[in-house]
Every structure is written in C-alpha cells, then in structure tokens.
Number of protein chains: 2
Amino acid sequence: MGEKMLPRAERRRRTEGRILDAARKLFAEVGYERATIRAIARSAEVDPALVMQYFGSKQELFQQAVRVVDADAATGGDDLVERLLATLGVKLGEMPRSSLAMMRSMLTHPEAAASARRTLGAQIDRLAESIPGEDARLRAALAMTVMVGVTVSHRLLELDELREAPPEEIARLLRPGLRALTGPDVS
Amino acid sequence: MGEKMLPRAERRRRTEGRILDAARKLFAEVGYERATIRAIARSAEVDPALVMQYFGSKQELFQQAVRVVDADAATGGDDLVERLLATLGVKLGEMPRSSLAMMRSMLTHPEAAASARRTLGAQIDRLAESIPGEDARLRAALAMTVMVGVTVSHRLLELDELREAPPEEIARLLRPGLRALTGPDVS
DNA sequence: GTCTATATTTCGATAGAC
DNA sequence: GTCTATCGAAATATAGAC
C-alpha cells in the first residue's frame, strides 16, 4: 500500500463528511421532507444506498447533520445584547448551515422542532441568568424570539427589505429594543 | 321536496366548508407535506375522492384554505404599535387558522413562502407609510419581523415561556422595542 | 465495501360502478 | 353526485450480486 492510498477509515471519514455537507446544504435549502436521500447522494457524488449504509435512516442522517448547533453562542466577551446580535449572524453575513438546516424544518418536522426548542431553551436559560427581575425568563425568551424572527425573515424567507440592508444597520435598529428587553426596567 | 331537504347547491357549499375547515386545521398543525388529502377527508368525514372532485388538486385546496389572510390587520383606530400587537394575536389568544396554516408551511412549501412574502410585504408597505425617515421600510420590515418571531415561537414552536405568560405581559415587554422601531428617532 | 435491483409503502390522482 | 378500486409516481429501505 503506497502512501497515496488512504487508510479505509480515513476514506470513509471523508465520504461521510461529504454526505453530511450535502445533507446540511439540502436540508437548509428545502427542508426535511423535500430533501430526498437520492438528491443528497447525487450532490455528494455517492450512491444513494451508501447513505443508508452509513447512517441507517433519513432520520439518523438528519440528526447527525444538525448536530453541533449548541457549540456556538458561547463566545463571551461583549455584553449581552452585542453577543446576541453577533450570535445569530446579523452582523456577520454567515450562519452555520447546520443551524439553518434545523430552522428550515423546525415548523414541519417534529424532530427539528424538538431540536429547536432544546437549543432555544438552552439559550434562554443562559440569557436569563444575566437578566435581573422576576420576569427574567420571559424577557430572555422574547429576546430570543426577536432573533428567531430576524433569522427566519432574513435567511429563510429572504425578505427583500432585510437582504438589501447592511447588517450594521439592522443591528443598530434592533439594539434599543433588545436593550429594553434585557435591561432592568421598562416604561 | 320538503323544506327539510337542502338545495343541492347549499349542501355542496356546506360540504366544501367542512373540507376547508379540516384542511386549515391539518395544514396549520402539520404543514403542507404531512397533511394528506386522505387525512383531511377523514377529518371532514367525506370521501377522499370528493376532495379532489371539489378542488382539483392538493395545491388548489391549500390556496383556497389559506386565502383571506389579507382581510385582517386593517382594523384601524389605535396607534401603530397597538394595532401591531393586536393584529398578530398577541393580545387575543386567537389567530385565524388560515394564517397559521400559511405560516406553518412558509419555510418548506414554495407556494406558502410566496404567500407569506406577499402578505408581509403588504403589511410592511402599510406600516412604512406611518413611519417617518429614510429607513421607514427597513424599520417597518423589522417591526413585522418581530411579530413573525413572536408568532412562530408562540403559536408554532409553542415555547413554554411564551405559552405560560399572560398576553398583556408579552405586549407590555414588546411595546418599547416596537416604539423604538416605529418611532422617529433612535439612540 | 460498493452498487444494482427490487421490495414496500404511501401518496396524489383517475376511472368507472352505483 | 358519491364512493370503490386502482393507477402511476416517488420515496425509503433492503437484499444480494460483484
């Protein structure tokens, strides 16, 4: 075996990676139901049966593809609101495709809905710790709700008004409302 | 023909109504793809073939079911923000099922996405007229975006934190942010 | 290990009996 | 006019050849 020959484990790892990338791409674009295993396999340039061989079922493939969603958002440093604005990619023009894949299907696929509730719940928990007052959890939930709305409208519905606007402008306009939500008092 | 016998046209109208109600219910609950014609017919207590006979295709049935979405929101009177809060049913515990049916599928069904963009665009237009400044349309879009986020999280994702909170409390916490968005100036 | 072929299911849609 | 029966397409999933 020459050194150009990859170990079978390594080759398998790479093929799995290609399949997962293609899956994230298609799940994010058209959602769980319309993203067929055949199309994913075609995009990854592998045989459809291989996808089943590796992941067992479409459900399993989806779960593997949308994993790693919790790893983000932990980038501390700035204050609450700035972290929020940065987290969901309002400042950056980017978002992890695994998150988009999950969000695309969260209204119509039970598994994705459960994942969304779990992820949002965790972020609400963390956010609520930094908010004083009795209604900290509700305030945190509403702040996350705002981010959900922006992400859905911008990245999933692709509303023209949001696509054309500079991200800093969007952040600037959202900032006061988020400060009112996460701040200590309200009119 | 006794008076207890309904005219055939009237009987047909009622059957169509039952089918449309069942369609709205199922489309709102599980989305376009998973709401099968068979299940809709079962819920309406009619034969599946009858649904096809009346509406021609699943697409047509969906379009008929989610129509009438634009009729709302025109309830003038209060000021901007109060109308917004009332419109998407944050105050009321209710929302038209046709709206929920459209929103449930808007991320995964192209037709529903187009309908959502159209409806949101119209509301953004109307809202922008009452907002001064260069960035009126962006501000209007972001205000609608907030409402989308609340509706999605509350009625579709059914986040516990929002379900448990009194609607007036939610409205109270959202009000400052919406005022900042629709008001004339911002920090 | 990889792919061909197919089994199995489930849907939307149609044709024809009553 | 309403329903029974079925078609045809497309999907997931499996079995077996190579």
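Chain naming here is simple, since letters A, B, ... match the order of the sequence lines and numbering starts at 1 in each.
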In this structure, how many angstroms lie between the [atom2] atom of [N] and the [atom1] atom of [X], rounded?
{"X": "Arg12(B)", "N": "dG1(D)", "atom1": "CZ", "atom2": "C1'", "answer": "10 Å"}
{"X": "Glu45(B)", "N": "dT2(D)", "atom1": "CD", "atom2": "P", "answer": "15 Å"}
{"X": "Leu26(A)", "N": "dT12(D)", "atom1": "CG", "atom2": "P", "answer": "12 Å"}
{"X": "Leu61(A)", "N": "dA13(D)", "atom1": "CG", "atom2": "P", "answer": "10 Å"}
{"X": "Met52(B)", "N": "dG16(C)", "atom1": "CE", "atom2": "P", "answer": "17 Å"}
{"X": "Phe62(A)", "N": "dT12(D)", "atom1": "CZ", "atom2": "C1'", "answer": "17 Å"}
{"X": "Arg42(A)", "N": "dA11(D)", "atom1": "CZ", "atom2": "C1'", "answer": "13 Å"}
{"X": "Asp47(A)", "N": "dA13(D)", "atom1": "CG", "atom2": "P", "answer": "15 Å"}

- [ ] Using a 4.5 Å cut-off on heavy atoms from C-beta on, say whether the side chain of Met106(B) contacts that of Val152(B).
- [x] yes
Note, Leu178(A) side chain near Leu80(A) side chain (heavy atom, < 4.5 Å):
no
Are Tyr54(A) and dG1(C) close enough that a side-chain N or O sits under 4.0 Å from OP1 or OP2?
no
[X] side chain, from C-beta outward: closest of [options]:
{"X": "Ala49(B)", "options": "dT14(C), dA13(C), dT2(D)", "result": "dT14(C)"}
{"X": "Thr36(A)", "options": "dT12(D), dC3(C), dC11(C)", "result": "dT12(D)"}
{"X": "Ile37(B)", "options": "dA13(D), dA13(C), dC3(C)", "result": "dA13(C)"}
{"X": "Leu50(B)", "options": "dC3(D), dA13(C), dT2(C)", "result": "dC3(D)"}
{"X": "Ser57(B)", "options": "dT4(C), dA13(D), dA13(C)", "result": "dA13(C)"}

Which of Arg18(A), Arg14(A), Arg13(A), Arg12(A) passes side chain to side chain donor-acceptor pair (under 3.5 Å) with Glu16(A)? Answer is Arg12(A)
Acceptor/donor pairs from residues 154-163 of chain B side chains to any protein atom, 3.5 angstrom cut, sequence neighbours excluded:
| from | atom 1 | to | atom 2 | distance (Å) |
| --- | --- | --- | --- | --- |
| Arg155(B) | NH1 | Gly89(B) | O | 3.3 |
| Arg155(B) | NH2 | Gly93(B) | O | 3.1 |
| Glu161(B) | OE2 | Arg137(A) | NH2 | 2.2 |

Is there a donor N/O on one and an acceptor N/O on the other, under 3.5 Å, for the side chain of Arg38(B) and the base of dT10(C)?
no
Could you tell me how the ring of Tyr32(B) sits relative to the ring of His109(B): parallel (under 30°), tilted (30 to 60°) or perpendicular (over 60°)? parallel
